[in-house]
Engineer: 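Just passing along the structure, written as structure tokens.
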Amino acid sequence: EVQLVESGGGWVQAGGSLRRSCAASGFTFDDYAIGWFRQAPGKEREGVSCIGISSGRTYYSASVKGRFTISSDTAKNMVYLQMNSLKPEDTAVYYCAAQRAALLPMSTVLRTDKYVYWGQGTQVTVSS
């Protein structure tokens, strides 16, 4: 059974940092790309970052580039999202998602419709 279990959400003041974790199981980790997405109230879910587990290539949306860092630990089947310099507009439910890397052309890595497995999502709240 495929599982993506997130942890590390919570509350932080603007300017602070949080680290999100995504534990993956039930599939061949190295064959996949893992993406982070978020959904704020009243808004569509949007792609934030992605990492190709085998290639190590990383991708970021313009809104988080330079502030967020995605990384993976293949020994633990974990993906992390380090979020620094957080802003109130980063407040959202954050999800990790997985898709076979071979099925994700570079132009689509932050598209929600390209991912087949999803975590349950956890809230991140940034207060001003």
Side-chain angles (χ1 to χ4, degrees):
E1 179 189 5
V2 172
Q3 283 194 317
L4 296 170
V5 179
E6 299 139 7
S7 59
W11 175 90
V12 67
Q13 286 190 321
S17 299
L18 283 174
R19 191 176 82 152
R20 302 299 320 285
S21 299
C22 176
S25 61
F27 58 91
T28 304
F29 193 59
D30 287 359
D31 290 345
Y32 277 71
I34 305 295
W36 283 100
F37 296 80
R38 67 186 183 186
Q39 188 165 19
K43 294 188 176 181
E44 292 188 355
R45 193 172 299 186
E46 63 171 349
V48 172
S49 185
C50 171
I51 185 168
I53 300 302
S54 179
S55 69
R57 292 194 187 102
T58 58
Y59 306 86
Y60 299 93
S61 67
S63 60
V64 307
K65 195 169 187 178
R67 299 188 298 122
F68 290 12
T69 302
I70 191 170
S71 61
S72 66
D73 183 337
T74 55
K76 297 180 180 179
N77 282 17
M78 296 287 294
V79 172
Y80 306 99
L81 185 69
Q82 178 66 41
M83 306 186 292
N84 298 331
S85 302
L86 283 161
K87 306 174 182 180
E89 51 263 45
D90 294 318
T91 295
V93 176
Y94 282 71
Y95 302 85
C96 64
Q99 176 58 286
R100 288 186 178 273
L103 300 179
L104 271 180
M106 194 181 305
S107 61
T108 69
V109 297
L110 296 182
R111 283 176 48 177
T112 57
D113 62 327
K114 290 298 184 180
Y115 286 77
V116 61
Y117 302 122
W118 289 84
Q120 79 283 5
T122 53
Q123 179 71 41
V124 169
T125 302
V126 184
S127 66
S128 56

Engineer: Hey, could you give me the CD/CZ distance between Q99 and R111, rounded to the nearest 0.5 Å?
Structural biologist: 11.5 Å

Engineer: About how many Å separate CD of E44 and OG1 of T112, when rounded to the nearest 0.5 Å?
Structural biologist: 8.0 Å

Engineer: Measure from the side-chain N and O atoms of T125 to the backbone N and O of T91, and report whether any donor-acceptor pair falls under 3.5 Å.
Structural biologist: no

Engineer: For the residue pair Y115 and V109, what are the closest heavy atoms and their distance?
Structural biologist: OH-O, 2.5 Å

Engineer: Any side-chain heavy atom of L81 within less than 4.5 Å of one from S49?
Structural biologist: yes

Engineer: Going by heavy atoms in the side chains, are S63 and R38 under 4.5 Å from each other?
Structural biologist: yes

Engineer: Which atoms form the tightest heavy-atom contact between A92 and A40, and what is the distance?
Structural biologist: CB-N, 3.8 Å

Engineer: Any non-hydrogen side-chain atom of T74 less than 4.5 Å from a side-chain atom of I53?
Structural biologist: yes

Engineer: Ignoring hydrogens, what is the shortest heavy-atom contact between I70 and C50? Give both atom names and the distance.
Structural biologist: CD1-C, 3.6 Å

Engineer: OG of S71 to CD1 of I34: how many Å apart, nearest 0.5 Å?
Structural biologist: 12.0 Å

Engineer: Hey, is the main chain of Y80 close enough, under 3.5 Å, to the side chain of S21 for a donor-acceptor pair?
Structural biologist: no

Engineer: Same cluster for Y117 and V79 if Ile/Leu/Val/Met/Phe/Trp/Tyr side chains link at under 4.5 Å?
Structural biologist: yes

Engineer: Taking all heavy atoms of A24 and all of L4, pick out the closest pair and write down the distance.
Structural biologist: CB-CD2, 3.7 Å

Engineer: Check for me, please, whether Y59 and V116 land in the same ILVMFWY cluster - side-chain distances under 4.5 Å, paths through other members count.
Structural biologist: no

Engineer: Using the rule given for side chain to side chain contact (heavy atoms under 4.5 Å, CB included), can you reason through Y60 versus L110, listing the C-alpha separation, both sets of side-chain angles and the distance that settles it, and then say yes or no?
Structural biologist: CA-CA 8 Å; Y60 299 93; L110 296 182; over 6 Å; no

Engineer: Honestly curious: do V64 and V12 fall in one hydrophobic cluster under the side-chain, below-4.5 Å linking rule?
Structural biologist: yes

Engineer: To the nearest 0.5 angstrom, please state how far the CE atom of M83 sits from the CZ atom of R19.
Structural biologist: 11.0 Å

Engineer: Would the distance check show the side chain of R67 and the main-chain N or O of S85 forming a donor-acceptor pair, the cut-off being under 3.5 Å?
Structural biologist: yes

Engineer: Relative to each other, are the rings of W118 and Y95 parallel, tilted or perpendicular (30° and 60° limits)?
Structural biologist: perpendicular

Engineer: Do you reckon Y32 sits in the same ILVMFWY cluster as L104, going by side-chain contacts under 4.5 Å, direct or chained?
Structural biologist: no

Engineer: Taking R20's backbone N and O only, do any of them form a donor-acceptor pair with E6's side chain (distance below 3.5 Å, no angle check)?
Structural biologist: no

Engineer: Can R45 be said to sit on top of F37's aromatic six-ring, NZ or CZ under 6.0 Å from centre and within 45° of the ring axis?
Structural biologist: no

Engineer: Could you tell me which non-hydrogen atom of N84 sits nearest to which non-hydrogen atom of S17, and how far apart they are?
Structural biologist: OD1-OG, 2.9 Å

Engineer: Please name the pair of heavy atoms, one in D73 and one in F29, separated by the smallest distance, quoted to 0.1 Å.
Structural biologist: O-CE2, 4.0 Å

Engineer: I need the W36 CH2 to S61 OG distance, nearest 0.5 Å.
Structural biologist: 14.0 Å

Engineer: Which distance, rounded to the nearest 0.5 Å, do you find between the CG of D30 and the OG of S54?
Structural biologist: 6.0 Å

